[in-house]
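Notes follow the structure.
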Amino acid sequence: MTHQVHSFEPPERFVAGTVGEPGDRTFFLQARGGGRVITVALEKVQVSLLAEKLEELLLEANKRFGVSLPEAPMMSGHDNEPLDTPVDEEFRVGTLGLAFDVDSGTVVIEAIEAGEAEVELELGPDTPDDDDDDDDDDDDEPDDDLDRLRVRLSPEATRAFIDRARRVVAAGRPPCPLCGQPLDPAGHLCPRHNGYHR
């Protein structure tokens with residue numbers, strides 16, 4: 001069976017977004033460009049990790065290659081628009097790969113379809129040595145048969161993505177001040193109120 005690579009280099013828009021109410025949200029990555037819109041589903045923790053690792057990648061690119069770090073976008077520059085509709089899920093993301101392309105000064109994000117139940121986040125510079133190490137792993141070979149979404153972003157577009165992704169993740173249910181678990185509108189059974197003291 002042939003796989004599809006949905007490539008946007010660069011996209012007109014690349015954002016994280018959700019559908020549903022807090023507590024029952026589905027998370028998506030959506031890329032738009034060239035008259036196409038591709039939407040892939042993923043977990044909240046993957047969105048949070050992606051933002052965190054992109055931040056680390058920008059800092060590493062600055063340290064190793066002298067890439068200037070963009071400022072956080074001004075409030076007027078925030079992309080607060082909802083996902084483009086209809087939200088048709090192409091696939092569910094299993095693995096997220098990140099790289100920095102030194103030649104073009106861009107960040108490459110690759111979301112790979114879930115083949116097994118495993119969820120991963122790979123982070124690394126785009127160097128031949130790292131690619132050779134990956135070839136030794138037999139587990140990476142089945143990824144060639146999986147669909148993928150690939151986007152190439154400038155550091156400024158990456159910073160804008162990070163900012164929106166963090167806002168999307170934080171827009172969920174507020175945490176309980178005692179246990180940190182999400183509070184439901186109907187109430188919350190807090191494990192800290194079970195009568196036991198440590």
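Here, residue 1 is the first one in the sequence, and each next residue gets the next number.
- Between Asp163 and Arg159, no side-chain nitrogen of the basic residue sits less than 4.0 Å from a carboxylate oxygen of the acidic one, so the salt-bridge criterion is not met.
- Using a 4.5 Å cut-off on side-chain heavy atoms (C-beta onward), Gln46 and Leu29 make no contact.
- Inter-residue side-chain proximity for Val93 and Ile112 is flagged as unmet; no heavy-atom pair is nearer than 4.5 Å.
- Val40 and Val151 fall within the same hydrophobic cluster, defined by Ile, Leu, Val, Met, Phe, Trp and Tyr side-chain heavy atoms under 4.5 Å apart, directly or through other members.
- For Arg36 and Phe8, the positive end sits near the middle of the six-membered ring, less than 6.0 Å away and at most 45° from its axis.
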From CA spacing to verdict: side-chain contact (heavy atoms from CB on, under 4.5 Å), His6, Arg148 | CA-CA 6 Å; His6 306 283; Arg148 56 191 69 213; over 6 Å; no
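- Under the 4.5 Å side-chain criterion, counting only non-hydrogen atoms from C-beta, Leu98 is in contact with Leu50.
- Panel note: side chain Glu113, backbone Asp147; a donor-acceptor pair is recorded below 3.5 Å.
- For the pair Thr85 and Leu83, the minimum side-chain heavy-atom distance is 4.5 Å or more.
- Using a 3.5 Å distance cut-off with no hydrogens or angles, the side chains of Thr39 and Gln30 do pair a donor with an acceptor.
- Note: the hydrophobic cluster containing Val5 does not contain Phe91 (ILVMFWY, side chain heavy atoms under 4.5 Å, direct or indirect links).
- The minimum heavy-atom distance linking Ala16 with Val47 is given by the pair CB-CG1, 4.0 Å.
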Any chance you could lay out the side-chain contact (heavy atoms from CB on, under 4.5 Å) test for Leu54 and Val107, step after step, and finish with the verdict?
-> CA-CA 8 Å; Leu54 283 170; Val107 173; 3.7 Å; yes
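- Cluster membership for Phe28 and Leu96, using ILVMFWY side-chain heavy atoms within less than 4.5 angstrom, is not shared.
- Looking at Leu153 and Pro11, their side chains come closer than 4.5 Å, going by heavy atoms from C-beta outward.
- In the model, Arg164 has no side-chain atom that pairs as donor or acceptor with a side-chain atom of Asn80 under 3.5 Å.
- Under the 4.5 Å side-chain contact rule for hydrophobic residues, Val19 and Val169 do not share a cluster.
- Contact between Pro22 and Ala171 at its shortest, heavy atoms only, is CG-O, 4.1 Å.
- Hydrophobic clustering, with ILVMFWY side chains joined whenever heavy atoms are under 4.5 angstrom apart, groups Val102 together with Leu69.
- In summary, the side chains of Thr106 and Arg152 do present a donor paired with an acceptor at a separation below 3.5 Å, with no hydrogens or angles considered.
- Formation of a donor-acceptor pair under 3.5 Å by the Asp79 side chain with backbone atoms of Glu81 is found in this model.
- When every heavy atom of Leu178 is checked against every heavy atom of Cys190, the shortest pair comes out as CB-SG, 4.0 Å.
- Once rounded to the nearest 0.5 Å, the distance linking CD of Glu110 with CZ of Arg150 reads 4.0 Å.
- Between Leu49 and Glu52, some side-chain heavy-atom pair lies under the 4.5 Å cut-off.
- How far CZ of Phe100 is from CZ of Arg64: 10.5 Å, rounded to the nearest 0.5 Å.
- A heavy-atom distance below 4.5 Å is not found between the side chains of Thr26 and Thr18.
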Do Ile162 and Leu58 pass the side-chain contact (heavy atoms from CB on, under 4.5 Å) test, and can you show the C-alpha distance, the side-chain angles, and the key distance before you say yes or no?
-> CA-CA 11 Å; Ile162 292 168; Leu58 286 178; 4.0 Å; yes
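- Under the 4.0 Å criterion applied to side-chain N and carboxylate O atoms, Arg92 and Glu43 are assigned as salt-bridge partners.
- Under the 4.5 Å side-chain criterion, counting only non-hydrogen atoms from C-beta, Phe14 is in contact with Leu149.
- For Glu56 and Lys53, the salt-bridge test passes: some basic side-chain N is under 4.0 Å from an acidic carboxylate O.
- The main-chain N or O of Ser154 is found under 3.5 Å from a side-chain atom of Thr158 such that the two form a donor-acceptor pair.
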